[in-house]
Amino acid sequence: MYRGTFSIVDLRAFAHNLRVMADRVHPETKLLVTVKANAYGHGVAPILEVLTKSNVVAVGVASLEEALQVRQCGYAKPVLILGSVGAWELPIAAQHQIHVTYTDAWGDIDALPPMGSEPLHIHTAFDTGMNRLGFKSIEHAKVVLHQILNRSDMTWSGVSTHLACSDGPSDQHALEQIRRFSEMIAQLRALGYDVPTVHASNSGGVLRNGQWHFDMVRIGIAAYGYSPDESVLPMPELRPVMHMYSSITRIADVLPGETIGYGATFTATKPMRVATVAAGYADGYPRALSNSGKVLVCGQTAPVVGRICMDQLMIDVSDVPTARVGDFVTLFGNAAPRSWTPEEWNRISPDRRREWLLKSFESDSHGEQNVLSLSDVASRAMTIPYEMVCQINPRVPKLYVNANIS
Ligand SMILES: Cc1ncc(COP(=O)(O)O)c(C=O)c1O
């Protein structure tokens, strides 16, 4: 490790969040965790290792590519593709026992080629108000189900819907979706269908209403440590899994009238001490935080000044007199441990820095007050934690702490 910019992924926090969410659902309700987009940017392989040891029954992904990657990681439990899958991808999914969600793009089911030695597991989605995927009527569902059930190489494995506003300020929209969904399930049962696993709730749905859990829930963001919306569904029990750090590469005095950064969007009105930090939008720190972001340095908050550059950003450390070149800066998450000093970083050889950072992070107590909440950082950037964790660039090394949890 040469550049002092990295993220810490705390696998014990992930395991803790799984337990918190398992406690929130009915004992008989099963848990699926979404690991799409490289496990929401956390790195799919280490996340799957934790999931394998947990009581989570399945994982959700966005595409066949992601599903195959999950299999390559050695994950043996069911994998469900939540998005659309083309007809020609179906035999491959069947071969790897990957569950798929039905879409109209398959065309005539009777005309699809044989699936091979393993049956294709199909989940049928109902569109109850998201207008993204699924049947809008029972009539449509009946035609497709008739064809699926007629094929010996296909198994009807699940019925789903997706909530558009489970974390919204009002629960009216979600209640209406659940009402429609429950009605559709009841109609299917009344028609004599042996309805398989029923699932509807994302993290917001689980946290919002115990009546929306059905047979299985599909959680994502809560497992990674965030409520889908802190202001509506506060979840202090959850622990952020990812923390992001960078370091100060230069400190300079800036005089009144001088400008900072591209476009000269910030003009000093008083003498300032300005620090340059080794992270930018190419690392996933949003450019929208230009002149509006805040970071933690030496236990204090420091504002971002000027535009975020591709690889660097500037912060005002006028009120942080102890800030020095080499100090670690928290971009989001727990404050950097005190033992992360510039002297230690320089003393330790680059090939041993990972180990040192991990050990000191694990042993640090991280005072509660010294946390830069990703929800706050994301809302300053007019986005959500989902987007921020997904867009951390692969060039930012991920360091996995507490990897040996059981
Ligand atoms: C169909 C489906 N179910 C569940 C989830 C998980 O949602 P969340 O991360 O809000 O829990 C997603 C994520 O976007 C999804 O697309």
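Note that ligands are numbered from 1 as they come in the structure, with each ligand's atoms numbered from 1 the same way. Here, residue 1 is the first one in the sequence, and each next residue gets the next number. These values consider heavy atoms only, across backbone and side chains, with no hydrogens, waters or symmetry-generated copies.
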Inset, instruction - Indicate whether any N or O donor in one side chain lies under 3.5 Å from an N or O acceptor in the other, for Ser373 and Tyr226. - result: no
Legend entry - Polar side chain donor-acceptor pair, Asn38 to Gln69, under 3.5 angstrom: no
Inset, instruction - Spell out, as yes or no, whether a donor-acceptor pair under 3.5 Å connects the side chain of Arg353 to the backbone of Ile348. - result: yes
Inset, instruction - Give a yes or no on whether a salt bridge exists between Lys53 and Glu49, defined as a side-chain N under 4.0 angstrom from a carboxylate O. - result: no
Legend entry - Carboxylate-amine/guanidinium proximity below 4.0 Å for Glu176 and Arg179: yes
List, for ligand 1, each N/O atom that has a protein N/O partner under 3.5 Å away, with both atom names and the distance.
from     : atom 1 : to     : atom 2 : distance (Å)
ligand 1 : 3 (N)  : Arg218 : NE     : 2.8
ligand 1 : 3 (N)  : Arg218 : NH2    : 3.4
ligand 1 : 9 (O)  : Tyr40  : OH     : 2.6
ligand 1 : 9 (O)  : Ile221 : N      : 2.8
ligand 1 : 10 (O) : Tyr386 : OH     : 2.6
ligand 1 : 11 (O) : Ser203 : N      : 2.8
ligand 1 : 11 (O) : Ser203 : OG     : 2.5
ligand 1 : 11 (O) : Gly220 : N      : 2.9
ligand 1 : 14 (O) : Lys36  : NZ     : 2.8
ligand 1 : 16 (O) : Lys36  : NZ     : 3.1
ligand 1 : 16 (O) : Arg132 : NH2    : 3.2

Legend entry - Partners meeting side chain to side chain contact (heavy atoms under 4.5 Å, CB included) with Gln72 (sequence neighbours left out): none
